[in-house]
Engineer: 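Let me give you the structure first, and then I'll get to my questions.
Chain A is the first sequence line, chain B the second, and so forth, proteins listed ahead of strands; every chain is numbered from 1.
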Amino acid sequence: MKEQREGIVEYIWRVFSSMKLGLILLGLVALVSGVGTVFPQANLDPGKAKEVGEIWQTLGFTQIYSTVWFRLLMGLLCINLVVCSIQRFQGIYNRTFALKPPVSVSNVFSKIKAKLAGESEPLKISVQDVLKRNGFKLTINSGDNGWSFIAIKRRLGNWGSLISHISFVVLVIGAILGTTMGFKGFMMSSAGSTVPINSISVSKGRINQDFSVRIYSAEDRFLPNGERDNWYTDMGIIENGTEVLRKTISVNHPLTYRGVTFYQSSFANGASLTVDLKDQKLPIVLQDHGGNYFQAPGTELYLIAAAIKSDPQKPIMLYQVYRGKGVQPVQTGQINAGETIDVQGEYKLTLEANAGFTGLQVKQDPGVMVVWLGCALLLLGLFLSFYWRSMVVLGVFESGQGTEGELTMGTMAGKVTGGVQEEFDRLIHDIQAK
Amino acid sequence: MDQGLQNLETSSFYVMLMAYTLCMFFHWAWIGTKKELMGRFATYLSIVGLVANTAAIILRMIIAGRPPLSNSYEFLLAFIWGIIFVYLFIEYRYKLRSLGAFVMPIAFLILMFIIMSMGPEERIAQAIPPALKSKWLTFHVVTAMFSYGAFATSFGLGIMYLLKIGEEGKGKKSNPHGIISRFPALDIIDELSYKVIGFAFPLLTLCIITGAIWANYAWGTYWSWDPKETWSLITWIIYAAYLHARLMYGWKGKRAAWMTIFGFAAVLFTFFGVNYFLPGLHSYAISQPNILV
């Protein structure tokens with residue numbers, strides 16, 4: 001029974017340690033990913049995704065990258081990579097740190113080979129000098145009938161493949177952390193407002209932090225040539241009533257506080273107004289194109305800004321007033337800066353100035369640093385694999401008559417022989433020159 | 001001054017166009033006639049074209065006051081520069097002029113695409129949205145320029161390999177006076193193609209990673225499975241499969257040559273296909289078709 005169970009474990013291990021399985025899984029990931037670009041995806045275009053036939057939606061084709069079977073595919077690929085890496089670790093270690101000089105000429109198996117005749121000791125010294133000068137780490141064995149050596153250069157190159165394979169697993173772990181932990185939210189706030197972080201609208205996750213965000217200003221700045229410079233938000237973080245951080249952010253220049261990052265995402269014009277309601281003065285800010293509304297306390301009147309001219313010298317606002325659930329406005333008109341109007345005899349309204357609304361994407365992604373670590377490992381692995389290839393040179397000197405003999409040298413060239421051949425020829429030339 | 005620079009940039013573009021076009025014909029004439037003079041003209045013209053290409057890029061940078069990598073036209077100029085630069089390096093390093101006959105048409109076709117599909121208003125320096133004002137975009141496009149250039153070159157090598165093996169596969173020795181006789185030995189083409197992909201693959205990886213870093217700074221999302229990102233991943237997977245199949249299963253020769261062609265087709269689809277065949281899914285690509293190259 002035990003033997004049978006071990007057999008199954010071994011079988012599974014063998015299947016997952018197969019490079020063929022890895023290639024099949026990679027091919028499937030590519031195929032499924034490609035299919036996902038043909039079907040509108042709910043996260044990118046929810047409207048079009050809903051128009052797709054119901055059967056495709058049910059099968060998950062409109063949210064392909066978050067389906068169980070796509071995740072299963074990625075999971076299997078990760079297992080394959082981990083098993084392959086474990087399997088190959090010992091071999092790579094031996095090829096890097098436990099190199100043994102060849103026992104006989106037949107062990108110098110290589111397509112790239114050379115034979116040098118000469119006296120034992122001078123040849124040995126020459127080989128040592130040339131290889132050390134060229135950055136090789138050398139191990140020499142001496143025997144009765146001669147000597148042999150093995151030397152390695154750029155030995156970290158051997159680890160490139162392993163590091164790049166493991167990096168993929170690190171990337172997936174980072175993505176899982178980002179999906180399962182943290183949150184993603186959005187806030188649209190006017191200059192002068194203070195917003196508790198846990199009150200913003202969240203599309204994913206839950207906010208556990210309890211600080212507030214103070215928006216000092218929101219600006220849409222232009223360059224002297226009329227081109228848009230950027231959107232800027234001067235913002236502060238208020239923790240327990242005290243401002244602990246203040247920074248001006250813009251697109252591509254976010255702010256991070258306690259793991260929460262604020263990204264400048266959008267901007268909208270707005271206007272600041274004063275409402276005079278039965279001798280009670282209320283400052284309000286309305287967003288352009290009816291982005292928000294104001295309901296005067298104790299009334300059923302809803303006020304919106306239909307359009308705002310954001311000229312800082314002469315701001316103008318077109319307003320609309322609705323009563324209750326009525327679809328037709330009960331009052332419309334234009335209000336200029338400094339002007340006061342009467343709204344349905346219920347309150348007076350004065351336009352003070354322009355006010356920007358800033359749209360901030362707010363995100364906490366504890367996996368992002370893990371993802372960057374995975375990226376760094378991937379690049380390191382690829383750099384070592386392709387630009388820092390290790391080179392192994394080995395040789396056996398067999399004595400003939402007296403101290404004379406023949407040194408057979410070869411190199412483990414791997415699958416690429418071109419550059420290795422040149423380097424090997426140079427070494428042989430230098431050894432001969434000595 | 002701006003108008004003067006603008007005129008100079010336009011002139012550089014047309015000098016480049018003329019040089020690359022003539023260069024392509026001289027390459028064809030060289031492999032057809034074997035006249036050394038034709039070959040020399042081809043090489044000189046590719047150098048003249050590269051100089052004019054560089055001038056067009058630098059002048060655009062001066063005019064726009066930013067790295068010239070922010071719209072389709074600017075990226076295509078950089079893409080062509082990458083192709084010719086990698087090709088000329090290989091011609092110089094490996095004395096492989098015959099490759100030009102297969103690489104130059106790629107540059108020529110891209111130039112024809114610019115002329116036929118982009119109006120003057122699309123070719124002038126335009127204002128860019130705040131999201132594109134990032135140094136990461138520059139790294140992203142520069143790495144794309146070299147990796148795509150190298151993949152184009154490996155595509156040319158793949159075609160050469162298939163033509164040569166097609167001839168030799170028929171059982172006849174290649175005609176010593178024929179076009180194919182200009183090509184190096186099959187092993188050399190095959191290994192060179194592998195080397196070029198070995199150079200380009202880490203750069204493609206860097207291109208995808210710098211794109212992810214930029215997206216994270218700009219939008220707070222390093223990966224959103226947008227079609228452009230997804231197709232760059234598919235391209236990456238194709239080349240990763242090529243490298244694995246070659247290293248582990250000894251996939252060389254014909255199969256490897258087909259993989260280089262397949263891989264470059266994915267490169268082209270990532271740039272052109274996503275923008276033009278999947279427009280509804282990538283709104284950013286319609287207005288800024290270049291941003292995730």
Side-chain angles (χ1 to χ4, degrees), chain A residues 19-20 22-23 26-27 29-31 33-34 36-41 43-45 48 64-66 161 164 174-175 178 184 223 225-231 250-254 261-265 361-363 365 368 371-372 375-376 378-379 382-383 385-387 414-419, chain B residues 94 126-137 187-188 191-192 194-195 198-199 201-203 205-206 208-209 212-214 216-228 230-231 233-238 240-241 243-250 252 266 274 278 280-283:
Chain A
M19 168 90 54
K20 199 175 264 176
L23 283 173
L26 261 184
V29 169
L31 184 72
S33 303
T37 62
V38 178
F39 284 87
Q41 295 298 300
N43 66 321
L44 296 170
D45 197 343
K48 283 204 171 165
I64 217 161
Y65 309 109
S66 51
S161 160
S164 51
K184 188 176 179 182
L223 297 168
N225 63 4
E227 286 178 13
R228 171 167 286 124
D229 174 15
N230 210 324
W231 297 314
S250 57
V251 178
N252 280 316
H253 300 94
T261 306
F262 297 84
Y263 300 90
Q264 182 73 59
S265 166
Q361 168 118 274
V362 187
K363 209 176 165 193
D365 184 348
V368 79
V371 168
W372 298 147
C375 289
L378 179 58
L379 285 174
L382 292 177
F383 174 82
S385 295
F386 292 102
Y387 302 147
K415 307 283 174 184
V416 183
T417 50
Chain B
Y94 298 98
Q126 296 151 331
I128 55 170
L132 297 192
K133 294 178 179 178
S134 166
K135 60 180 181 298
W136 289 107
L137 170 67
D187 278 358
I188 292 173
E191 195 170 307
L192 189 54
Y194 170 71
K195 273 187 182 172
F199 160 77
F201 186 69
L203 284 176
T205 312
L206 192 56
I208 295 172
I209 290 173
I213 296 172
W214 170 44
N216 193 58
Y217 269 108
W219 298 287
T221 313
Y222 53 83
W223 192 265
S224 53
W225 291 105
D226 151 301
K228 195 69 119 171
T230 308
W231 272 95
L233 176 69
I234 293 170
T235 305
W236 188 89
I237 289 176
I238 291 172
L243 293 167
H244 281 89
R246 186 178 179 97
L247 291 175
M248 295 299 154
Y249 298 109
K252 283 187 167 189
V274 172
L278 303 170
L281 307 182
H282 189 59
S283 57

Engineer: Measure the spacing between CD of Gln41(A) and OG of Ser224(B) and express it to the nearest 0.5 Å.
Structural biologist: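 Going from the CD atom of Gln41(A) to the OG atom of Ser224(B) covers 11.0 Å.
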Engineer: Just do the side chain to side chain donor-acceptor pair (under 3.5 Å) check on Trp231(B) and Thr37(A) with the steps written out, would you?
Structural biologist: CA-CA 8 Å; Trp231(B) 272 95; Thr37(A) 62; 3.0 Å; yes
Engineer: Measuring from Asp365(A):CG to Tyr222(B):OH, what's the distance to the nearest 0.5 Å?
Structural biologist: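 Asp365(A) CG to Tyr222(B) OH: 5.0 Å, rounded to 0.5 Å.
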Engineer: Under a 4.5 Å heavy-atom cut-off, does chain A meet the side chain of Ile208(B), its backbone, both or neither?
Structural biologist: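 Neither part; nothing is under 4.5 Å.
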Engineer: Indicate the atoms forming the closest heavy-atom contact of Pro130(B) with Asn252(A), along with that distance.
Structural biologist: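 Nearest heavy atoms, Pro130(B) then Asn252(A): O-ND2, 3.3 Å.
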Engineer: If you measure from OH on Tyr217(B) to OG1 on Thr261(A), what distance do you get to the nearest 0.5 Å?
Structural biologist: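 Rounded to the nearest 0.5 Å, the OH-OG1 separation comes to 9.5 Å.
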Engineer: Give the minimum heavy-atom separation between Pro202(B) and Phe386(A), together with the two atoms involved.
Structural biologist: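 Closest pair (atom of Pro202(B), atom of Phe386(A), distance): CG-CD1, 3.8 Å.
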Engineer: Counting only non-hydrogen atoms closer than 4.5 Å, does Asn216(B) touch chain A with its backbone (N, CA, C, O), its side chain (CB onward), both, or neither?
Structural biologist: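 Contact with chain A: backbone and side chain both.
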Engineer: Please look at Thr235(B) and chain A and tell me whether the side chain, the backbone, both or neither of the residue comes under 4.5 angstrom of a heavy atom of that chain.
Structural biologist: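 Neither part.
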Engineer: Look up atom CH2 in Trp372(A) and atom CD1 in Ile209(B), then write down how far apart they are to the nearest 0.5 Å.
Structural biologist: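 Going from CH2 on Trp372(A) over to CD1 on Ile209(B), the span is 8.5 Å.
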Engineer: Name the member of Asn230(A), Leu31(A), Ile64(A) that forms the most heavy-atom pairs with chain B at distances under 4.5 Å.
Structural biologist: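 Most heavy-atom pairs under 4.5 Å with chain B: Asn230(A).
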Engineer: Could you work out, with side chain to side chain contact (heavy atoms under 4.5 Å, CB included) as the rule, every residue matching Phe383(A), not counting sequence neighbours?
Structural biologist: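 Tyr387(A), Trp388(A).
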Engineer: Working to the nearest 0.5 Å, report the span between CG of Leu247(B) and OG of Ser161(A).
Structural biologist: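 With rounding to 0.5 Å, CG (Leu247(B)) is 8.0 Å from OG (Ser161(A)).
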Engineer: Do you know the tightest heavy-atom contact between Leu233(B) and Ser33(A)?
Structural biologist: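 Shortest heavy-atom separation between Leu233(B) and Ser33(A) comes out as CD2-OG, 4.5 Å.
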Engineer: Enter the distance from Leu382(A):CG to Thr205(B):OG1 here, rounded to the nearest 0.5 Å.
Structural biologist: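 It comes to 4.5 Å.
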Engineer: Can you tell me which portion of Lys184(A) sits under 4.5 Å from chain B's heavy atoms? Options are side chain, backbone, both or neither.
Structural biologist: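 The answer is the side chain of Lys184(A).
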Engineer: Given heavy-atom pairs under 4.5 angstrom as the criterion, report whether the side chain, backbone, both or neither of Leu378(A) touches chain B.
Structural biologist: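 Only the side chain of Leu378(A) comes within 4.5 Å of chain B.
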Engineer: Considering non-hydrogen atoms only, spot the tightest contact between Leu44(A) and Trp225(B) and give its length.
Structural biologist: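 Where Leu44(A) meets Trp225(B) most closely, the heavy atoms are CD1-O, 3.6 Å.
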Engineer: May I ask you to test the Trp219(B)-Val251(A) pair for a side-chain heavy-atom distance under 4.5 Å?
Structural biologist: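 They are not in side-chain contact.
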Engineer: Partners of Asp229(A) by side chain to side chain contact (heavy atoms under 4.5 Å, CB included), sequence neighbours excluded?
Structural biologist: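 With neighbours one apart ignored, the set is Arg221(A), Leu223(A), Tyr232(A), Lys133(B).
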Engineer: Side chain, backbone, both or neither: which part of Val362(A) has a heavy atom under 4.5 Å from chain B?
Structural biologist: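 For Val362(A), there is no contact with chain B at all, as no heavy atom is under 4.5 Å.
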Engineer: Please name the pair of heavy atoms, one in Leu23(A) and one in Ala241(B), separated by the smallest distance, quoted to 0.1 Å.
Structural biologist: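 For Leu23(A) and Ala241(B), the tightest heavy-atom pair comes out as CD2-CA, 3.9 Å.
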